[in-house]
Amino acid sequence: MKAHQLIKIYKKLYHLYGPQGWWPLTSYEGTNPTKTGFVRGYHPGNYDLPENRQQIYEIMLGAVLTQNTAWTSAEQALINLKKLNALYPEKLLKLADEDLKGAIRCAGFLNQKAVYLKELTQFFISLEGRTPERKELLAVKGVGNETADSILLYAFKEPEFVVDAYTKRIFSHLDIVDGGTGYMEVKKLFESSLPRNTALYQEYHALVVEHAKHYYNKKPYGVEDPLKKILKG
DNA sequence: AGCCAGGCTACCG
DNA sequence: CGGTAGCATGGC
């Protein structure tokens with residue numbers, strides 16, 4: 001049964017890597033130097049973050065900035081914005097487009113991401129503090145399935161499982177899902193197999209990313225992946 | 001040098 | 001509809 005396998009894998013990953021402390025925030029000064037790609041802002045074991053409007057907003061920006069981009073690059077963009085005092089929705093909207101692009105160019109796709117960030121910011125302001133529906137988020141230009149789920153799970157603490165390219169890569173390699181399985185189908189598999197719990201979903205996705213960086217970021221994928229052993233039993 | 005990064009949109013058949 | 005080119009820069 002797949003449900004049992006997914007739980008077994010979670011326990012193994014947690015044992016291997018420990019709590020990951022996602023989503024990283026530039027305002028958080030803790031460290032977790034064992035993580036690959038570590039820069040700053042992770043808060044392992046603390047599930048209370050984000051704890052204010054500014055932090056929620058920063059996570060939303062980061063979710064767009066990290067699209068198809070290394071987190072270290074996305075984080076540098078956030079730091080650049082912070083230097084401009086622009087990690088606040090009203091301030092970011094006042095930035096000239098050229099200044100915004102200059103701040104985020106290190107995260108790539110600067111032209112489209114500049115547009116996406118401003119649209120997402122207007123959407124955030126329009127919420128007036130409430131939690132958005134998934135459907136509403138998807139209607140914002142630049143927000144697709146993974147970005148919407150990342151925002152709901154990490155910024156708004158909603159139990160929405162996040163699927164990313166690593167998730168598909170790992171679990172298809174382990175023959176738990178088919179290679180061509182669509183986003184929603186994979187998401188539903190995880191959500192129907194696991195307890196509906198925000199902290200668990202947060203850790204699971206973060207652990208998948210960490211595990212992928214160890215065993216699935218270069219071809220051939222999955223060489224000596226320790227998950228293979230525990231699945232045979 | 002070339003591939004990969006915590007994807008999404010627009011357009012193609 | 002499902003599939004894919006294009007988007008930009010940085011790290012290794």
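All values derive from a computational prediction rather than experimental measurement.
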Pair A/E191 + A/K188, salt bridge at N-O below 4.0 Å
yes

What residues, two or more places apart in sequence or in another chain, satisfy side-chain contact (heavy atoms from CB on, under 4.5 Å) together with A/D175?
none

Stretch residues 171-202 of chain A: residues that reach within less than 4.0 Å of DNA chain B through a heavy atom
none

Student check: side-chain heavy atoms of A/P226 and A/H211 closer than 4.5 Å
yes

For DNA chain C, what residues of residues 100-118 of chain A have any heavy atom nearer than 4.0 Å?
A/R105, A/C106, A/G108, A/F109, A/L110, A/N111, A/Q112

Contact class for A/V140 vs. all strands (heavy atom < 4.0 Å): base, sugar-phosphate, or nothing?
sugar-phosphate

What pairs with A/F124 under ring-ring contact (aromatic ring centres under 6.0 Å, His included), at least two apart in sequence or on another chain?
A/Y57

Apply side-chain contact (heavy atoms from CB on, under 4.5 Å) to A/A74 and list each qualifying residue two or more places apart in sequence or on a separate chain.
A/L65, A/T66, A/W71

side-chain hydrogen bond (donor to acceptor under 3.5 Å, both in side chains) with A/H43: which residues, sequence neighbours excluded?
none

Please list, by residue number, the residues of residues 145-153 of chain A whose heavy atoms come closer than 4.0 Å to an atom of DNA chain B; answer none if no residue qualifies.
A/N145, A/E146, A/T147

Mind telling me whether A/H173 and A/Y216 have parallel, tilted or perpendicular rings, with 30° and 60° as the class edges?
perpendicular

Given pairs defined as Watson-Crick or G-U wobble with both distances under 3.5 Å, what dot-bracket annotation applies to DNA chain B, with ( ) intrastrand, [ ] crossing, | other strand and . unpaired?
.||||.|||||||

Would you mind classifying the nucleic acid contact of A/V208 as base, sugar-phosphate or nothing, using non-hydrogen atoms under 4.0 angstrom?
nothing

Counting C-beta onward and ignoring hydrogens, is there a side-chain heavy-atom pair between A/P50 and A/K157 closer than 4.5 Å?
yes

Looking only at the side chains, is there a donor atom on one of A/Y201 and A/D149 sitting less than 3.5 Å from an acceptor on the other?
no

Which residues pass the ring-ring contact (aromatic ring centres under 6.0 Å, His included) test with A/Y204, sequence neighbours left out?
A/Y10, A/F161, A/F190

Round to a whole Å and report the spacing from CG of A/L120 to C1' of B/dC8.
13 Å

What I'd like to find out is whether the side chain of A/P19 reaches to under 4.5 Å of the side chain of A/Y47, using heavy atoms alone.
yes

Tell me: OH of A/Y216 to C1' of B/dA5, nearest whole Å?
18 Å

Which whole-number value in Å describes the distance from A/E119 CD to B/dT9 P?
10 Å

Just how far is it from atom CZ of A/R196 to atom CD of A/E160, taken to the nearest 0.5 Å?
7.0 Å

Distance-only check: which donor-acceptor pairs under 3.5 Å involve side-chain atoms of residues 141-148 of chain A, not counting sequence neighbours?
residue : atom : partner : partner atom : Å
A/N145  : OD1  : A/R134  : NH2          : 3.1
A/T147  : OG1  : A/Q67   : NE2          : 2.9

Chain A reaches DNA chain C, atoms under 4.0 Å from its heavy atoms, from C/dC7 to C/dG10

Pick the nucleotide of DNA chain B nearest each of A/Q67 and A/K218; which residue has the one closer to the 5' end?
A/K218

What is the minimum heavy-atom distance between A/I230 and A/K8, and which atoms define it?
O-NZ, 3.1 Å

Take atom P in B/dA10 and the same atom in C/dA8, then report the distance between them in whole Å.
13 Å

List the atom pairs, with distances to 0.1 Å, where a side-chain N or O of residues 125-133 of chain A and a protein N or O form a donor-acceptor pair under 3.5 Å, not counting sequence neighbours.
residue : atom : partner : partner atom : Å
A/S126  : OG   : A/F123  : O            : 2.6
A/R130  : NH1  : A/E136  : OE1          : 3.2
A/R130  : NH2  : A/E136  : OE2          : 2.7

So do A/I151 and A/L120 actually touch side chain to side chain, heavy atoms under 4.5 Å?
yes

Is any side-chain nitrogen or oxygen of A/Y166 closer than 4.0 Å to OP1 or OP2 of B/dA5?
yes

